[in-house]
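Written out below as C-alpha cells is the structure these notes cover.
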Amino acid sequence: MIHPQSDVQAEDIGQNTKVWQFTVILEGARIGKDCNINCHVFIENDVRLGNRVTVKSGVQLWDGLRIADDVFIGPNVTFTNDKHPRSRQYPDRFQETRIQQNASIGAGAVVLGGVKVGAYALVGAGALVTKDVPDRALVTGHPAEVKGWVNEDGSPMQQSDGTWIDNKNRKWIVKENELVQL
C-alpha cells in the first residue's frame, strides 16, 4: 500500500509494505517486505531496510544507512552520515551506519554516522549515540552509555551476584563491554 499523497520513486519495495502520506522515498532505496513507513518520512537513495521494519513519523534516513530485519525506529529519530559536513561539499562516500536485527531506537534519539547499534539493543528516547552499541545493551544519556541489558523482547534482564539473568533463566556476564552467555 503506497498512499497517493506520498512521493515514492523507488521500485525495490517488498510485498505488504505500507508507505503513508507525505513520505518521500528516492529511486535507489531498497525496502523489505512487511515494513511500515509512517507519514512525514524521507528516505534517500543509498538506504537499505530489511523486512518488518517500522519507521515512525518525522524520520529522515540518509545515504549509508543499513537497517536489518525487525527494527523499530521511533518518532523523530535523527541519523547523520557526514563527519565533516559543509554546505555543497560532499564526501566521496558517506559514513555507513548499521542497525542490527531486532534493535529499537526510542523517540528523539540521535545516532551519529558510522556507528553500529547491535542486535536486540534498546536505545532510550532522546539518547545521543556517538559510538557502537553492543548487542542487547540498553543505552541512555548524552552521550549514550550502557545502563543495563535487555532480553530479546526488550524487557530488562535482572542482575544477581555479578551476572545478568535473562527471561529464559540463562546467565550472562559482561566482558569487555559485551554481554557473553555463560
Side-chain angles (χ1 to χ4, degrees), residues 1-135 137 139 144 152 154:
M1 192 239 29
I2 297 177
H3 195 281
Q5 289 181 318
S6 63
D7 178 4
V8 178
Q9 300 164 21
E11 294 181 9
D12 194 354
I13 298 177
Q15 287 185 316
N16 299 319
T17 287
K18 295 178 181 170
V19 178
W20 295 98
Q21 65 270 33
F22 315 119
T23 291
V24 175
I25 303 175
L26 298 184
E27 184 177 12
R30 292 195 327 226
I31 299 171
K33 65 182 181 178
D34 299 314
C35 294
N36 189 23
I37 312 299
N38 283 217
C39 62
H40 300 283
V41 169
F42 177 80
I43 302 176
E44 252 184 336
N45 284 296
D46 185 26
V47 173
R48 307 292 176 258
L49 268 67
N51 300 317
R52 298 169 303 281
V53 172
T54 295
V55 181
K56 300 303 270 182
S57 298
V59 176
Q60 296 83 41
L61 305 178
W62 306 112
D63 287 340
L65 190 57
R66 306 292 182 260
I67 298 176
D69 295 343
D70 301 299
V71 168
F72 175 85
I73 307 294
N76 299 305
V77 168
T78 299
F79 293 95
T80 68
N81 68 352
D82 189 346
K83 192 171 184 173
H84 305 286
R86 295 289 180 260
S87 179
R88 304 179 134 218
Q89 296 178 21
Y90 304 102
D92 293 332
R93 182 177 170 165
F94 288 101
Q95 292 176 297
E96 187 172 284
T97 301
R98 294 192 168 277
I99 313 299
Q100 302 297 90
Q101 70 273 6
N102 296 96
S104 292
I105 302 179
V110 176
V111 180
L112 296 186
V115 302
K116 180 180 90 170
V117 175
Y120 297 99
L122 180 58
V123 175
L128 173 60
V129 179
T130 61
K131 59 185 177 184
D132 290 352
V133 174
D135 293 350
V139 299
E152 290 177 3

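The structure presented is a predicted model; accordingly, all values stated were derived computationally and were not measured.
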Exercise for the section: Assess whether atom CD of Glu27 is packed by more than 12 heavy atoms of other residues, nucleotides or ligands within 6.0 Å. Expected result: no
Handout entry: Under 3.5 Å: donor-acceptor pair, side chain of Asp69, backbone of Asn51
Key = yes
Practice task
Please lay out, stage by stage, how Val55 and Leu49 fare under the test side-chain contact (heavy atoms from CB on, under 4.5 Å).
Solution key: CA-CA 10 Å; Val55 181; Leu49 268 67; 4.0 Å; yes
Handout entry: Value rounded to 0.5 Å, distance of CD1 in Ile43 from CD in Gln60
Key = 10.5 Å
Problem - Asn45 side chain vs Gly28 backbone, donor-acceptor pair below 3.5 Å - result: yes
Handout entry: Heavy-atom closest contact (Arg30 atom, Asp12 atom, distance)
Key = CD-OD2, 2.9 Å
Practice task
May I ask you to decide if Gly113's main-chain N or O and Thr80's side chain share a donor-acceptor pair within less than 3.5 Å?
Solution key: yes
Handout entry: Arg66 atom CZ, neighbour heavy-atom count above 12 within 6.0 Å
Key = yes
Problem - Gln101 CD to Glu152 CD distance, which is reported to the nearest 0.5 Å - result: 10.0 Å
Practice task
Measure the spacing between CG of Leu61 and CD1 of Ile31 and express it to the nearest 0.5 Å.
Solution key: 8.0 Å
Exercise for the section: With rounding to the nearest 0.5 Å, note down the distance linking CG in Asp34 to CD in Gln15. Expected result: 8.5 Å
Handout entry: Minimum heavy-atom distance between Ala10 and Ala29, given as atom pair plus value
Key = CB-O, 3.6 Å
Exercise for the section: To the nearest 0.5 Å, tell me how far Lys33 NZ sits from Ile13 CD1. Expected result: 15.5 Å
Practice task
Using side chain to side chain contact (heavy atoms under 4.5 Å, CB included) as the criterion, point out the one residue from Leu65, Val129, Leu112 that pairs with Phe79.
Solution key: Leu65
Practice task
Considering non-hydrogen atoms only, spot the tightest contact between Ala137 and Val133 and give its length.
Solution key: CB-CG1, 4.0 Å
Exercise for the section: Ignoring hydrogens and angles, tell me if any N or O in the side chain of Asp135 forms a donor-acceptor pair with the backbone of Ala119 under 3.5 Å. Expected result: yes
Exercise for the section: For Val59 and Gly74, work out which heavy atoms get closest and say how close. Expected result: CG2-O, 3.4 Å
Handout entry: Check: Thr97 side chain, Gly114 main-chain N or O, donor-acceptor pair, under 3.5 Å
Key = yes
Problem - Passing option when Trp20 is tested against His40, Met1, Gln5 for side chain to side chain contact (heavy atoms under 4.5 Å, CB included) - result: Met1
Practice task
Output all residues satisfying side-chain contact (heavy atoms from CB on, under 4.5 Å) with Glu44, sequence neighbours left out; order by chain, then residue number.
Solution key: Leu26, Phe42, Val47, Trp62, Asp63, Asn81
Completion exercise
Separation between CD1 (Ile67) and CD1 (Ile105), nearest 0.5 Å, reads 7.0 Å
Handout entry: Short side-chain to backbone donor-acceptor contact, Thr23 and Asn38, under 3.5 Å
Key = yes
Problem - Considering all heavy atoms, the nearest Pro134-Ala121 contact - result: O-CB, 3.7 Å
Practice task
Output yes when a side-chain donor or acceptor of Thr54 lies under 3.5 Å from a complementary backbone atom of Asn36, and no otherwise.
Solution key: no
Exercise for the section: Measure the shortest side-chain to side-chain distance between Lys56 and Phe72 over non-hydrogen atoms and say whether it is less than 4.5 angstrom. Expected result: yes
Exercise for the section: Determine the minimum heavy-atom distance between Ala109 and Val123, stating which atoms define it. Expected result: CB-CG1, 4.0 Å
Problem - Check ion pair Asp70-Arg52 (N to O, under 4.0 angstrom) - result: yes
